[in-house]
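Chain naming here is simple, since letters A, B, ... match the order of the sequence lines and numbering starts at 1 in each. Bear in mind that the values here come from a model prediction, so they are computed numbers and not experimental data.
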Amino acid sequence: MFYDFKKIEEKWQKKWQKDKTFRAQIAPAQKKYYLLEMFPYPSGKIHMGHVRNYTIGDVAARFKMLEGYNVLHPMGFDAFGQPAENAAIKNKTKPDAWTHKCIREMEDELKKMGFAYDWEREVSTCDNSYYRWNQWIFLKMFERGLAYKKASNVNWCPGCQTTLANEEVIEGGCWRCSAKVEQKDLEQWYLKITEYRERLLEDLQQLEDWPERVLSMQANWIGKSQGVEIYFKLKGQDKVVPVFTTRADTIFGATYIVLAPEHPLVKELIKGKAQENEALKFIDKVAKESKVVRASSDVKKEGVFTGSLAVNPVNNEEVPVWIADYVLMEYGTGAIMAVPTHDQRDFLFAKEHKLPMRIVIQRTEDRGQKTEDLTEAYEGDGIQVNSGEFNDLPNSEAKIRIAEWMETKGIGKIQTHWRLRDWLISRQRYWGTPIPIIYCPKCGVVPVPYQNLPVELPKDAPFTGEGGSPLGKVKKFVQVKCPKCKALARRETDTMATFFDSSWYFLRFCSPKFKDGPFGEKEAAYWMPVDQYIGGIEHAILHLLYARFFTKFFKDLGLIDFNEPFKRLLTQGMVLKDGEVMSKSKGNIVDPDTMIKKYGADTLRLFILFAAPPETELEWDDRGLEGAHKFLNRVWRIQDNLKDKADPALLRILHKTIKKVSEDFREFKFNTAIASLMELTNAVYQLGADKEVFSKLIIMLSPITPHFSEELWKILGNKDSVLKAGWPEYDSKILIEENITIVLQVNGKVRSKIEVAANIAESKLKEMVLADKKLSPWIQGKPVKNFILVPNKLVNIVV
RNA sequence: GCGGAAGUGGCGGAAUGGCAUACGCGCUAGUCUCAGAAGCUAGUGGGGAAACCCUUGAGGGUUCAACUCCCUCCUUCCGCACCA
């Protein structure tokens, strides 16, 4: 007999919707649990990555419901972004219409999976009821000096006359017209996330339940480093070039310095020199080079000599000043001291351009080694050589002593540097939140008054992907009266990066219809922080960092009383097919909808959890899906053969299973939880189950296969949803076994096994072991050197 | 280059110092059937007739005992803003 998954799944989905089973309401007496999965971009179709992410979340949510928590489990759409613009151009429609159509389709697909969402809380970031609060937040930041304007480089396509995202630059060319991409300076809006860097780093320590790798990625991204700023005087001028280094111990080996081509001193340095023309050409070339090309590691490091010399302040040695593309203006001081012997990049550059080098750190065993002997830079620890009064010190000590010495001599300054830069949020795009700023010829930059929000995104902007910002072409939008002096003014036409939208949506879900602010303080106080957040590892840095930044900002505004938005984080692995990520270009996509039609959502949910642990990659396998389906049919058939009373042996297995599944669910080990449910099912086939054992099996399965379990639960005569059944508890008395199998090893190799009473005395056991027949060939005539006993498990005899 | 993760049967995976390969897929045989499908039962790491021996990317170490801990190396995957 087969179960009719199609009928069953439709029936229960309708019932859940009608009964509002998953509606979440504040209940102060009850323990709350906020479970959130990263909301999707509405592309129209869900893919296996979504199925995996949301199934993991759904099982956790339903498990918590069974455990008696008041669960908030919302869903929404991250609906602004470029794909809508591209799709609209391609399909001759509008981003608005296209996005809303996609949202409807995706809602349908998500509902077909049976996910336990409170759909009444759904939000879409492209609705003005949502993005008006983006604008509100922006204005609050602007008031506090956290949003500011600054000139910055963008990728510019001269063919399309538009800016390009990094991912739209393919091998230095525009993805649409292949024209060579240039760099252009534009005034852009930034958020001062760097003001929060200390807290963003510090508070990582509170996140005990985050994966170690995400924490270290965030810490590295923020990149706090202690180092020294060293002042190199320019020869024949009274100008000074500061360079930053974390390796003050190598200063005596600095044989040249390198400036970024954009460095403000460069033009002056090359003026009138023989190298001037060559240098100007190089600067021009680098300036046009897209950041993507410049940043790719396989490109050869290029550079030119400026013709100027500088003085190494520790030994007054004259060193050449170069410019090179691998030094970036954005980091540190935009200038570095080069130590070819102890930095591999400097080493390669020095070899290429025949620059001098000097060893200053050496391991004792390498004493006497010459620079000519080096085939690569030595970046490890050692003893100082060629370093004046610091010779013979270990470099770790010298690093500190040299830094302090330079500070007292006034040739350097100990400094903390950060890797984190401010966040550029301006986009010259249409489908995003308009930045609520007005430019008045008299008053300058004027924020839109709060009562005038939202600044609505015009529905009818013409855009073709060419010719600059689409909003700039909508006169009705651009032309505006200055809120201060009523003179004719101009609106900002940039929109916000979509990461802005997703940096606070978890707060909106607490009170999605709130009208007096981005979220209700009372609701946020009850539901937040998110107890469990689930999403892809690709968001390990940016999204999570921005969400943490916004949370701290809200705390500073006094709207919330906590520092971190996400208590626990799970990053799920990708879904692969034939060892590769599923993608359209590879043509290896497996469509969830097809699988639902063929086997049902419950089977799909079961398989995707069973095939691999949540955090590792998952290899898709059609046959595995069939196996999962087979298992459900096997459980379904149990109902026909229920006994009046279960075997005591089965009861023991049942309680063992309850213990194991409870532990595994708490730790998100769904694959092994399912394995033990399968073992229980196998035992039922051997020993026969009664109604009680079967009921508990169904309850334990219900978070994974909700429709299937609800149906069986009803067939067993229950009136309420299986969600009301309560999570089963195990009886530790039943778990105690009378007899235990002890493994007998000789010299670490298994030679025999014996069955003994659980509470056997050690001396008695030893006697039995030494008398074991299978063991005798191995121990006979040999003195027992050691007798190791692991209680209830194993004995190892060393002879 | 920087940072992170992982390597176990034919395949997905289990075991975090104590019986390597749980559970599932696949495969083999049996049973049921006119036949097939489904189901059920049994078997299934490699070598060997057997006793036994070998086996967790490679090599070394610690330990009574290592997939698990330490060292060296190899391979694969992921993220990134060449971060000095």
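- Across all strands, A:Phe631 comes closer than 4.0 Å to no nucleic acid atom at all (heavy-atom distances).
- Minimum atom distance to the side chain of A:Ile336 is reached by B:A84, of the listed B:C19, B:A84, B:C53.
- Between the CZ atom of A:Phe610 and the P atom of B:G12 there is a distance of 14 Å, given to the nearest Å.
- For the pair A:Ile704 and A:Asp602, the tightest heavy-atom approach, listed with the atom from each and the gap, is O-OD1, 4.4 Å.
- Candidate nucleotides B:C53, B:C83, B:G3 were compared by shortest atom distance to the side chain of A:Asn220, and B:G3 ranks first.
- Rounding to whole angstrom units, CG of residue A:Leu545 and P of B:C80 are separated by 14 Å.
- Side-chain atoms of A:Met678 lie closest to B:G24 of the nucleotides B:A84, B:A81, B:G24.
- Here B:A84 presents its P atom at 22 Å from CD1 of A:Ile323, a figure rounded to the nearest Å.
- We find that CD of A:Gln572 is positioned 17 Å from P of B:A6, with the value rounded to whole Å.
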Report all interatomic pairs (protein N or O, nucleotide N or O of nucleotides 25-31 of chain B) with separations under 3.5 Å.
unit_1	atom_1	unit_2	atom_2	d
B:C25	OP1	A:Lys630	NZ	3.2

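- Using a cut-off of 4.0 Å between Lys/Arg side-chain N and Asp/Glu carboxylate O, A:Lys659 and A:Glu663 are scored as salt-bridged.
- The two residues A:Arg605 and A:Pro703 make their nearest non-hydrogen contact at NH2-O, 2.9 Å.
- In this structure, the CE atom of A:Met574 is 11 Å from the C1' atom of B:A5, given to the nearest Å.
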What are the atom names and distances for every N/O pair under 3.5 Å that joins the protein to nucleotides 60-64 of chain B?
unit_1	atom_1	unit_2	atom_2	d
B:C64	O2'	A:Asn796	ND2	3.2
B:C64	O2	A:Asn796	ND2	2.6

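- Remark: the A:Asn220 side chain and the A:Arg419 side chain contain no N/O donor-acceptor pair separated by less than 3.5 Å.
- Straight-line distance from the NE2 atom of A:His539 to the P atom of B:G4: 21 Å, rounded to whole Å.
- Residue side chain A:Arg247 does not reach the base of B:A84 through any donor-acceptor N/O pair under 3.5 Å, judged by distance alone.
- In this structure, A:Asp346 reaches neither bases nor backbone, as no heavy-atom distance under 4.0 Å exists between it and the strands shown.
- Between A:Phe670 and A:Phe668, the distance separating the two ring centers is shorter than 6.0 angstrom.
- When Watson-Crick and G-U wobble pairs are counted only if both distances are under 3.5 Å, B:G3 pairs with B:C78.
- One atom, NZ of A:Lys224, and another, C1' of B:C83, lie 17 Å apart when rounded to the nearest Å.
- B:U21 is unpaired under the Watson-Crick or G-U wobble criterion, no partner having all donor-acceptor distances under 3.5 Å.
- Note that the NZ atom of A:Lys669 and the CG atom of A:Asn671 stand 9.0 Å from one another [nearest 0.5 Å].
- The nearest heavy atom of RNA chain B to A:Asn671 and to A:Gly334 marks one nucleotide each, and the one closer to the 5' end goes with A:Asn671.
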Check the pair A:His353, A:Tyr256 against ring pair (Phe, Tyr, Trp, His ring centres under 6.0 Å), reporting the backbone distance first and the verdict last.
CA-CA 11 Å; A:His353 300 283; A:Tyr256 62 103; 8.8 Å; no
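- B:G9 adopts a syn glycosidic conformation, its chi angle falling within 90° of 0.
- Aromatic ring centres of A:Phe607 and A:Trp620: separated by under 6.0 Å.
- Other residues, nucleotides and ligands contribute over 12 non-hydrogen atoms within 6.0 Å of the CD atom of A:Glu755.
- Note on A:Lys749: a side-chain N or O is less than 4.0 Å away from OP1 or OP2 of B:C54.
- Residues A:Tyr546 and A:Leu191 form no side-chain contact, since every pair of their non-hydrogen atoms from C-beta on lies 4.5 Å or further apart.
- A straight line from CZ of A:Phe347 to P of B:G1 spans 14 Å, rounded to a whole angstrom.
- Nucleotide B:U56 forms a pair with no other nucleotide shown, judged by Watson-Crick or G-U wobble geometry with both contacts under 3.5 Å.
- Look at B:G39: its Watson-Crick or wobble partner, with both distances under 3.5 angstrom, is B:U31.
- Other residues, nucleotides and ligands contribute more than 12 heavy atoms inside 6.0 Å of the NZ atom of A:Lys643.
- Residue contacts shown for A:Val750 are limited to sugar-phosphate atoms, with no base heavy atom under 4.0 Å away.
- Checking A:Trp778 against A:Thr616, the closest nucleotide of RNA chain B that is more toward the 5' end is the one next to A:Thr616.
- Checking the phosphate oxygens (OP1, OP2) of B:G24, a side-chain nitrogen or oxygen of A:Asn682 falls inside 4.0 Å.
- Comparing atom distances between the A:Glu679 side chain and each of B:A22, B:G79, B:C77 picks out B:A22 as nearest.
- Nearest to the side-chain atoms of A:Arg634 among the listed nucleotides B:A81, B:C40, B:G13 stands B:C40.
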